[in-house]
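Working notes for the structure below.
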Protein chains: 2
Amino acid sequence: MITKNKMRPRGRPRRFDPDQAVETAQQLFHAKGYDAVSVSDLTEAFGIKPPSFYAAFGSKAKLYERVLERFTRTEAIPMPDLLRQDRPVAEGLKAVIEDAAHRFAADPDASGCMVLEGIRCIDSEARSAARSYHANSDDMLYRFIAERHPDQARHLADYMSTTLAGLSSMARNGQSLDRLLASARLAGLAIEQELSG
Amino acid sequence: MITKNKMRPRGRPRRFDPDQAVETAQQLFHAKGYDAVSVSDLTEAFGIKPPSFYAAFGSKAKLYERVLERFTRTEAIPMPDLLRQDRPVAEGLKAVIEDAAHRFAADPDASGCMVLEGIRCIDSEARSAARSYHANSDDMLYRFIAERHPDQARHLADYMSTTLAGLSSMARNGQSLDRLLASARLAGLAIEQELSG
DNA sequence: TTTTATTTTTAGTGATCACTACAAAAATCC
DNA sequence: GGATTTTTGTAGTGATCACTAAAAATAAAA
């Protein structure tokens, strides 16, 4: 079993790389938001015509789903790493918020969180795709907390989601890294206080 | 000087009430967001045709400005009332956040804050209109804090904006009042902690 | 009654949206 | 070389967007 990867398929070969296109699409969607990126923006950036676009990706929303998958795999907050079971709960939560502040302000052309911004877009297909990723990340936060603080888990996870959504908003407003970090530090005070009480 | 208000103007009379239309527009814009409301949605809701719309309001964006003005006058967080100079700073800030939680979840068809949602819309004219209202409310928060805690004012005001943006987001996600209030309470812990230290 | 001023309705404008029917092009398979 | 398969480019589709020219309608003013 050597072949299969190198072997060319039968028909006319692609003149563009779909994975590269997904990466380009991620930049566009992150910079401008799903609704503000048109299919013609995408095809132009890819250097292809609409029929090639639809043959490769099916629809704008399906491409967005691929972009979201790539985003969570490559650029989203690495929750599993930050929320290890042996880590103090407050420490893990504060690490998530601080990591978020850094990530959300890292690239001025891709500020905020793609998922948190996606859940507010107008297109319902794209919105529900983003929502499922958001629900998953909320779940990870909740389970991490509930393991040791089941009674406070719901409220703390909600507070985390609220703070992350706020940080993403402020990042998209152009707020600088140090101001985001200052807000992150304040949010940490609430977490400490709630878990020490 | 008696007349002027009762006296009919010269031409054909209006068949609709612009102030009532602004109120209707507020409902639509708040429920769906600026970009998701079309001029034809508006004219249909008003019971008028496009030319009447443009004669009365100039453009969709100009109508939105009138709606924002009405919103801040009638339904926004009453910051001047909550941030009286004789009130302890922490108490005032917590009151704002708690009031926000209540307002943002009060009407399921108008969840969140119209200004905070407006600053993220696609249309640049509408966005900058919303931004100026947001800047103003951030300024009120900053000055209220700076009066007694000038060194912490910037960070605390940023934290307030971040938290309010987060609460608006979560409200638009459909989060219930009691969960928003729980997050508001946690945010209050951060404020207390920061100001007592 | 005629003139003037304003709002109305009719019927559009061109731009852009996401998306597609169709056939030529370019590769492999037989 | 001819058949098959897939992607390509050309050239659109109808829907919807914000917005408008023009004239009929309706009021007060002269």
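Heavy atoms only: backbone and side chains are in, while hydrogens, waters and symmetry mates are out. Letters go in sequence order (proteins before strands), and every chain restarts at 1. Computed from a prediction, not measured in an experiment: that's the story for all the values here.
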Select from A/Ile48 and B/Lys49 the residue whose nearest nucleotide in DNA chain D is closer to the 5' end of that strand.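 The answer here is A/Ile48.
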[X]-[Y] side chain donor-acceptor pair, cut-off 3.5 Å:
| X | Y | answer |
| --- | --- | --- |
| A/Glu44 | A/Ser40 | no |
| B/Gln193 | A/Glu192 | no |
| A/Asp158 | B/Ser183 | no |

Would you please classify the geometry between the B/Phe46 ring and the B/Phe53 ring as parallel, tilted or perpendicular, with 30° and 60° separating the classes?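 Rings of B/Phe53 and B/Phe46: parallel, as their planes differ by under 30°.
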May I ask you to decide if the ring planes of A/Phe71 and A/His30 are parallel, tilted or perpendicular, using 30° and 60° as cut-offs?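 Plane angle over 60°, so perpendicular.
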Shoot me the first and last contacting nucleotide of DNA chain C against chain B, ordered 5' to 3', at under 4.0 angstrom to non-hydrogen atoms.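 Answer, 5' to 3': C/dT4 to C/dT10.
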Is B/Arg15 atom CZ crowded by more than 12 heavy atoms from other residues, nucleotides or ligands, each under 6.0 Å away?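 No, CZ of B/Arg15 has 12 or fewer neighbouring heavy atoms, counting only those of other groups under 6.0 Å.
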With ring-ring contact (aromatic ring centres under 6.0 Å, His included) as the test, pick out the partner of A/Tyr64 among A/Phe57, A/Tyr34, A/Tyr133.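 In the set A/Phe57, A/Tyr34, A/Tyr133, the residue that makes a ring-ring contact (aromatic ring centres under 6.0 Å, His included) with A/Tyr64 is A/Tyr34.
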Check whether A/Leu116 and A/Val96 end up in the same hydrophobic cluster, where Ile, Leu, Val, Met, Phe, Trp and Tyr are linked by side-chain heavy atoms less than 4.5 Å apart.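 Hydrophobic grouping puts A/Leu116 with A/Val96.
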Gap between atoms CZ and C1', on A/Phe53 and D/dG9 respectively (whole Å):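 Interatomic distance, CZ of A/Phe53 to C1' of D/dG9: 17 Å.
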When the nearest nucleotide of DNA chain C is assigned to A/Asp41 and to A/Pro50 on a heavy-atom basis, which residue is associated with the more 5' position?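 Checking each residue's closest nucleotide, the 5'-ward one belongs to A/Asp41.
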Which of residues 23-39 of chain B have a heavy atom under 4.0 Å from DNA chain D?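 Within this stretch, B/Val37, B/Ser38, B/Val39 sit under 4.0 Å of the strand.
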Salt bridge B/Asp123-B/Arg127, side-chain N to carboxylate O under 4.0 Å: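 Here B/Asp123 does not pair with B/Arg127 in a salt bridge, since their nearest N and O are not under 4.0 Å apart.
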Treating primed atoms plus P, OP1 and OP2 as sugar-phosphate and everything else as base, which nucleotides of nucleotides 21-30 of chain D get B, S or - for protein heavy atoms under 4.0 Å? B---BBBBS-
Using only atom types and a distance under 3.5 Å, with no angle test, would you say the side chain of B/Glu98 pairs donor to acceptor with the backbone of B/Ala184?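 Flag not set: sc B/Glu98 to bb B/Ala184 has no pair under 3.5 Å.
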B/Arg73 and B/Glu69: CA distance, side-chain angles, deciding distance, salt bridge (charged side-chain N to carboxylate O under 4.0 Å, His left out) verdict: CA-CA 6 Å; B/Arg73 185 164 37 79; B/Glu69 186 279 326; 2.9 Å; yes
Can a side chain N or O of B/Tyr54 be found less than 4.0 Å away from OP1 or OP2 on D/dT20?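 No, outside the criterion.
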Could you check whether B/Phe57 gets within reach of a base, just the sugar-phosphate, or nothing at all, counting any heavy atom under 4.0 Å?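 Touches nothing.
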